[in-house]
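Structure, as structure tokens:
None of these values were measured; they are calculated from a predicted model. Numbered from 1 within each chain, the chains take letters A, B, ... in sequence-line order. Computation of the quantities below employed the complete heavy-atom set of this structure, encompassing side-chain atoms and omitting hydrogens, waters and symmetry-equivalent molecules.
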Number of protein chains: 2
Amino acid sequence: MSAMQEVPPVLSEELDIVIPTIRSLDFLEQWRAFFEPYHLIVVQDGDPSRTVGVPAGFDYELYTRKDIERILGPKASCISFKDSACRCFGYMVSKKKYIYTIDDDCFVASKPSGEKIDALQQHIRNLLTPSTPFFFNTLYDPYAQGCDFVRGYPFSLREGVPTAVSHGLWLNIPDYDAPTQLVKPVERNTRYVNAVMTIPKGTLFPMCGMNLAFNRELIGPAMYFGLMGDGQPIGRYDDMWAGWCVKVICDHLSLGVKTGLPYIWHSKASNPFVNLKKEYKGIFWQEEIIPFFQQVKFSSDKLTVEELYIELAGKVKEGLGHIDPYFSKLADGMVTWIESWRQLNPPAAEGETTAAKGTGAGGKLANGH
Amino acid sequence: MSAMQEVPPVLSEELDIVIPTIRSLDFLEQWRAFFEPYHLIVVQDGDPSRTVGVPAGFDYELYTRKDIERILGPKASCISFKDSACRCFGYMVSKKKYIYTIDDDCFVASKPSGEKIDALQQHIRNLLTPSTPFFFNTLYDPYAQGCDFVRGYPFSLREGVPTAVSHGLWLNIPDYDAPTQLVKPVERNTRYVNAVMTIPKGTLFPMCGMNLAFNRELIGPAMYFGLMGDGQPIGRYDDMWAGWCVKVICDHLSLGVKTGLPYIWHSKASNPFVNLKKEYKGIFWQEEIIPFFQQVKFSSDKLTVEELYIELAGKVKEGLGHIDPYFSKLADGMVTWIESWRQLNPPAAEGETTAAKGTGAGGKLANGH
């Protein structure tokens, strides 16, 4: 298949880059050639009186906690404070079709050939080509140059489905949990795997928010990074939470989630002792959370992501509330998030409903699970 | 995780190489350094009076159609003739724990560094390390050197499950169906993807028999390559059929199926016109076959692969018989195959039952589908 020309388009008018930060954004210097055509949404975490420096020449808007509270009022409670989970506020205020979010300790990686990787270009390629969640293609992305579906791949599934999420990876410091960081302090990821693949329907994955792009119109309202950080019992599960929610909704709506290329260079391991403190409850809670998500079934009359997300909030309260009162609070946060989303994205301006409805591809073979 | 030392063991006493052929096996010269320590089982297809040359120095046994008929009597009807599907007879006569099967137009491939790839060594590594079918690891094989489970991967699933199948890939000529061959006559696979991954539970894949290894004790009785070639309405679906059957049984028993490394060099594209003739019924039949396999549920009291395979034969007759009388014949062939397997592998000599029973890993999280 060749659904995409060699070089995907620059989508300046259709994509925002969202960056959560507490420091000056000097890391952007390295990304200048790739990011300068795009608009940045900077979500400043922590003390709103600090000044976050943005290198000259970048087009950006910046929100502090004060701005979030001014815009959302009491509903600002759904946006985490003192945690990079605050980035999801940027998804909400954006008016673009696509979002790319990146951490400020992520730099430009290189291919084994030495060529610098334009991460955004690869994400755009991933988002503009279909996904194949219903059957595994052993040669990976069938829409990549020089590639196709292999013998035995059902022809009725070769059109694929729209791609909602493109999950990129990390060279150098891998995204390990605190126990693994403690056990393997010097392990570095040096393996460049030249592939993009669709995560099959019915399979959950650990979504990392460090290098992540998505179609906001298709899945934006489900990209809530939860309640983390200040006043909450856990941290470092913000992107995981979003990943589980997003994946079950994508599966329900027949939307695709891809992982693999592009790589960024992750420069600095976070402190494993601090991480352990943030994570430890999540580490045992997830043993119950994941079976919960594995069995989530939505009622078939819910057609939009917003409706499904509200339904999911109800299931979270009912199905996870017994673990800790936190999950009841989180479920309320999910509802507040959708209310805030609706406030900033009133239905008329929102393409999401139609887009989600238009994904009937796959037919008989798509309903196998 | 580092469940495997850098270089996996040579398993001369535990692994047979099965090669179906109609010509002299000169291709073995290129594999000499890697295959010479192993015993070969050559299954000679077509005219039994021809002499197939095996280069000096290889330890082998060879079976012609006459041998198959002598050994199996009337049950030889379950072994295809004039089709490489006959290779599965080799799986049945082997007494070893592992099988590697390779086509005689497959040569030694090279890594991007130029290093020759010892395909068998990589398959052994894949088979001796666990699989992770219940949750996706974004950095691929967590048991590979320098790799691990990423943040958010449930700890209860990190032990993995036993690996039953290792599906290797092909550089140069990709494994395309006839329509794709016709449309893209010059496409070559030049993309070396440095990864092994587990195909998630609940996801089917197109299993190619060109470069395939498996644990015969765990899954052997399900590795039936069906009825193809002489007297049958289709060809080139032998490995696909085996792949669908194997995958649903592995999913039921919590056994792992891996795909990715190693690559072999596939030298020659088969004739697309001949292939189209063999394939065309399969191309539309599979549109019904795959939904059938996607919804197969086994009764929970069946514990061995043989029992499950017999149960599957019944389901095939009932669920696919309406497509064509061929499927009724194929279902009978599946039963005859198990009878033949039992004849050559009487229960006392068979480790399969115990092995399959011993795979209770995963617990609560493993039952999510």
- Query: Which one, Thr259(A), Leu169(A), Ile283(A), Thr190(A), leads in non-hydrogen pairs under 4.5 Å with chain B?
  - Reply: Leu169(A)
- By salt bridge (charged side-chain N to carboxylate O under 4.0 Å, His left out) - contacts of Asp177(A) (at least two apart): Arg158(B)
- Task: Measure Gln181(A) against the heavy atoms of chain B and call it side chain, backbone, both or neither at under 4.5 Å.
- Result: neither
- With respect to chain B, which residue among Met240(A), Arg188(A), His167(A) yields the maximal number of heavy-atom pairs within a distance under 4.5 Å? Met240(A)
- Could you give the distance from CZ (Phe149(A)) to OH (Tyr176(B)), rounded to the nearest 0.5 Å? 10.5 Å
- Message: Tell me the closest heavy-atom pair linking Pro206(B) and Phe135(A), and the distance in Å.
- Response: CD-CE2, 3.7 Å
- Which one of Asp175(B), Thr180(B), Asn275(B) satisfies the side-chain contact (heavy atoms from CB on, under 4.5 Å) criterion with Arg151(A)? Asp175(B)
- Taking all atoms of both residues into account, what is the closest heavy-atom pair of Met197(B) and Phe136(A), and its distance? SD-CZ, 3.8 Å
- Query: Below 4.5 Å, heavy atoms only, C-beta onward: do Asn194(B) and Tyr192(A) meet side chain to side chain?
  - Reply: no
- Item | Close side-chain approach of Leu204(A) to Phe134(B), heavy-atom, < 4.5 Å | no
- Note on the structure: Given Asn189(B), Val150(B), Ile289(B), the one with more heavy-atom pairs under 4.5 angstrom with chain A than any other is Val150(B)
- Heavy atoms only, distances under 4.5 angstrom: which of Val193(A), Asp239(A), Val183(A), Asn137(A) has the most pairs with chain B? Name it, please. Val193(A)
- Taking every heavy atom of Gly152(A) against every heavy atom of Ile290(B), the minimum-distance pair comes out as O-CD1, 4.2 Å
- Task: Start with the C-alpha gap between Trp170(A) and Leu139(B), add the side-chain angles, then the distance that decides, and say whether side-chain contact (heavy atoms from CB on, under 4.5 Å) holds.
- Result: CA-CA 9 Å; Trp170(A) 342 277; Leu139(B) 287 183; 3.7 Å; yes
- Query: Which bit of Pro112(B) is near chain A, if near means a heavy-atom gap under 4.5 Å: side chain, backbone, both or neither?
  - Reply: neither
- Message: For the OH atom on Tyr280(B), are there more than 12 heavy atoms of other groups (residues, nucleotides or ligands in this structure) within a distance under 6.0 Å?
- Response: no
- Query: Does some side-chain heavy atom of Thr138(A) sit less than 4.5 Å from a side-chain heavy atom of Cys208(B)?
  - Reply: no
- Message: Can you tell me how far apart SG (Cys147(A)) and NZ (Lys184(B)) are? Round to the nearest 0.5 Å.
- Response: 7.5 Å
- Task: Could you list the residues that satisfy salt bridge (charged side-chain N to carboxylate O under 4.0 Å, His left out) with Lys247(B), not counting sequence neighbours?
- Result: Asp251(B)
- Task: With rounding to the nearest 0.5 Å, note down the distance linking CZ in Arg191(A) to CG in Asp141(B).
- Result: 7.5 Å
- Message: What's the separation between atom CD in Gln286(B) and atom CZ in Phe155(A), rounded to the nearest 0.5 Å?
- Response: 7.5 Å
- Message: With a 4.5 angstrom heavy-atom cut-off, is it the side chain or the backbone of Ile199(A) that approaches chain B, or both, or neither?
- Response: side chain
- Message: Looking at Glu287(A) and Ser156(B), would you say the former's side chain and the latter's main chain have a donor-acceptor pair under 3.5 Å?
- Response: yes
- Task: Let me know if Arg236(A) has heavy atoms under 4.5 Å from chain B in its side chain, its backbone, both or neither.
- Result: both
- Item | Shortest non-hydrogen contact from Tyr140(A) toward Gly260(B) | OH-CA, 3.5 Å
